[in-house]
Amino acid sequence: MSELSAVELEVFRHALAGVADEMGVALRRAAYSPNIKERADCSAAVFDADGEMVAQAEHIPVHLGAMPASVRAVLDTFGELRPGDQVCVNDPYLGGTHLPDLTIVAAVGYGDRLLGYVANRAHHADVAGAAPGSMPATATEIAMEGVRIPPVLVADADGERVDVVRLIAANSRTPGERRGDLRAQFAANHVGSVRLRELARRMGSQRLRTAMAAVCDYSDRRVRAAIRDIPDGCYRCEDSLEIGDGVPIRAAVTVTGDEVSVDFDGTAAQVPVNCNAVFAVTLSASMFVFRVLTDPDAPPNAGCYRALHVTAPEGTVVNPVFPAPTAAGNVETSQRIVDVLLGAFAQAIPDRVPAGSQGTMNNLLIGGSEPAFSYYETLGGGEGGTPARPGMSGVHTGMTNTQNTPAEAVELDYPLRVWRYELRSGSGGAGRHPGGEGLVREIEALTDCTLTIQSERRTHAPRGARGGGPGATGRNVLVHPDGSEQTLAAKGTWPLRRCTRVRIETPGGGGWGDADQGG
């Protein structure tokens, strides 16, 4: 079998990425919930016959970095799937992120050969648990967060397994939405399977397998070349989660030649609240920083991470053991891991590392039973200033890459009214390249319901870099019908009465560089 030329390699890697991109488009267009169809809280990827990721869409970093572990859990459970089989899994301890993220893995065949797998992960707005949205701040173990699904066959060549879909939907406050979103995930995998078979028809199945391996090898070469530009050494940093008196996360980053090791030894023990990040999430956050600071233009696949080695002691907040709750570990602790690792790399390559972005996803969940609804949204904020430009305002940063839910969609689908949605003036840090501004989002409940907030950076501001100033901390506020205001904690679950409003003021990004130095 001849080697791929440079032109063939480039054409093929874009063809594979196109498969994942089209899967994401199909998923959003077929989804029922605003969280997927409007916010794009979903991701898609393509895997070879051995379960190695060979392409991904530019979707959500925390989904995509952890997804290979879920695919591996599926293959460890079932062995080689048969073409047409689709398996569902959301267990964080088997490569999931948190329980609302359901992953569907499908086998793709061509003739009598297994070509590989396509997979997508989507955040379902409610999968049971102690509060609407399945991220209750009161959770002390994972059973309180919702239904935990080990790898289970949910469809085969004959179609959907109605009994399994019915079981999953029954464990939700909004079962019709769950059925619709699951079927959208099946449809996305169908689109990916069709496109992968089309590639096999054009180039032959063996040539396709060769090309998959070649693209991963190419990414590995590019990333290793970039690592060699980072000075050898061990670089340490720590930061804390805003829980009690603080829960420290510590990391040591060691660069040796064209290899990087990350060790989280010294990080705090797991906690009885749901800010524990399972190892798949910790690995995902490490992969994100690694990719940003090495060669972000290399084709994203398993080859990008062969030079990265991550370890974390069991029983810590970055590698908890069952039954620790994990819902906010995915969305909040992952962001803090990113900040810690960027801080470590800043000691080695200070002129390449941006200032701190908002460092939180500002998770807002509102739901109730009369009528039954579950609204979930993560809110953008300020991006940190970079060595090349000011930070962007009102955007998702770090481990998330979703969009907003338009006010019109919120008011159409839920008993809610959007009062304010604007940039938070003055929240970005000062600097040669200022940090971006945060957001203000204020929503009124039109019925009695339940509010959950999972946020960070309410006490410790996003850091500036190279002399730049910090961004503003965030703020959560309850506005009562009489106009009085009550500041809420960074994390909590509360009753939300009719005609009461919740206002989230998200953090700004840190500034980069001393403003007085110009340049």
Side-chain angles (χ1 to χ4, degrees), residues 1-2 4-5 7-31 42-59 64 67-68 70-72 74-75 78-89 103-122 151 153-161 182-219 299-303:
M1 183 64 63
S2 61
L4 268 68
S5 69
V7 172
E8 288 176 314
L9 192 65
E10 191 71 6
V11 169
F12 180 74
R13 67 111 157 181
H14 283 291
L16 274 180
V19 174
D21 285 336
E22 191 171 349
M23 289 171 63
V25 171
L27 177 50
R28 288 188 65 190
R29 289 187 173 180
C42 56
S43 302
V46 179
F47 296 78
D48 67 15
D50 295 321
E52 291 286 303
M53 181 189 283
V54 296
Q56 65 174 60
E58 295 297 338
H59 289 154
L64 293 162
M67 196 183 293
S70 284
V71 172
R72 176 51 48 199
V74 167
L75 298 184
F78 288 91
E80 185 179 284
L81 300 184
R82 297 169 300 178
D85 285 350
Q86 299 207 52
V87 174
C88 178
V89 59
T103 301
I104 309 292
V105 181
V108 184
Y110 180 68
D112 59 354
R113 299 203 63 173
L114 176 69
L115 290 179
Y117 301 91
V118 292
N120 68 79
R121 176 168 287 176
L153 190 67
V154 72
D156 56 27
D158 295 325
E160 169 189 315
R161 288 192 60 188
L182 279 169
R183 288 166 183 162
Q185 290 187 264
F186 300 156
N189 280 349
H190 172 73
V191 168
S193 299
V194 169
R195 295 293 179 253
L196 206 56
R197 285 194 292 269
E198 288 175 352
L199 279 176
R201 276 195 294 271
R202 290 204 302 268
M203 64 189 307
S205 59
Q206 184 55 48
R207 184 71 166 166
L208 177 61
R209 292 173 68 98
T210 299
M212 286 178 171
V215 169
C216 291
D217 291 343
Y218 172 64
S219 293
N301 54 50

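For reference, positions follow the sequence shown, starting with 1. Atoms considered below: every heavy atom in the structure, side chains included; atoms not considered: hydrogens, waters and symmetry mates.
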Close side-chain approach of [X] to [Y], heavy-atom, < 4.5 Å:
X: Leu81; Y: Val87; result: yes
X: Leu64; Y: Met67; result: yes
X: Phe186; Y: Glu160; result: yes
X: Leu182; Y: Val154; result: no
X: Tyr117; Y: Val108; result: no
X: Met23; Y: Val118; result: yes
X: Leu208; Y: Phe12; result: yes
X: Gln185; Y: Cys88; result: no

Worksheet item: Do Arg121 and Ser70 pass the side chain to side chain donor-acceptor pair (under 3.5 Å) test, and can you show the C-alpha distance, the side-chain angles, and the key distance before you say yes or no?
Response: CA-CA 10 Å; Arg121 176 168 287 176; Ser70 284; 2.6 Å; yes

Let me confirm one number: the [atom1]-[atom2] distance from [X] to [Y], rounded to the nearest 0.5 Å.
X: Asn120; Y: Ser43; atom1: CG; atom2: OG; answer: 9.0 Å
X: Ser193; Y: Glu198; atom1: OG; atom2: CD; answer: 11.0 Å
X: Met53; Y: Cys216; atom1: CE; atom2: SG; answer: 10.0 Å
X: Met212; Y: Asp50; atom1: CE; atom2: CG; answer: 10.5 Å
X: Arg197; Y: Leu115; atom1: CZ; atom2: CG; answer: 8.0 Å
X: Leu196; Y: Ser205; atom1: CG; atom2: OG; answer: 11.0 Å

Can you name the closest pair of heavy atoms from [X] and [Y] and give their distance?
X: Ala119; Y: Phe47; value: CB-CE1, 3.9 Å
X: Asn301; Y: Ala55; value: CB-N, 4.3 Å
X: Ala26; Y: Ala188; value: CB-CA, 4.3 Å
X: Leu75; Y: Gly51; value: CD1-CA, 3.9 Å
X: Pro83; Y: Ala157; value: O-CB, 4.3 Å
X: Ala20; Y: Ala44; value: O-CB, 3.6 Å

Worksheet item: What's the verdict on side chain to side chain donor-acceptor pair (under 3.5 Å) for Asn189 and Gln86, showing C-alpha distance, side-chain angles and the deciding distance?
Response: CA-CA 9 Å; Asn189 280 349; Gln86 299 207 52; 2.9 Å; yes

Worksheet item: Between Arg207 and Glu8, is there a salt bridge with N-O shorter than 4.0 Å?
Response: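 Yes.
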
Worksheet item: More than 12 heavy atoms of other residues, nucleotides or ligands under 6.0 Å from CZ of Arg201: is that the case?
Response: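 Counting other residues, nucleotides and ligands, CZ of Arg201 exceeds 12 neighbours.
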
Worksheet entry | Residue pair Val215, Leu4: steps toward the side-chain contact (heavy atoms from CB on, under 4.5 Å) verdict | CA-CA 9 Å; Val215 169; Leu4 268 68; 5.7 Å; no

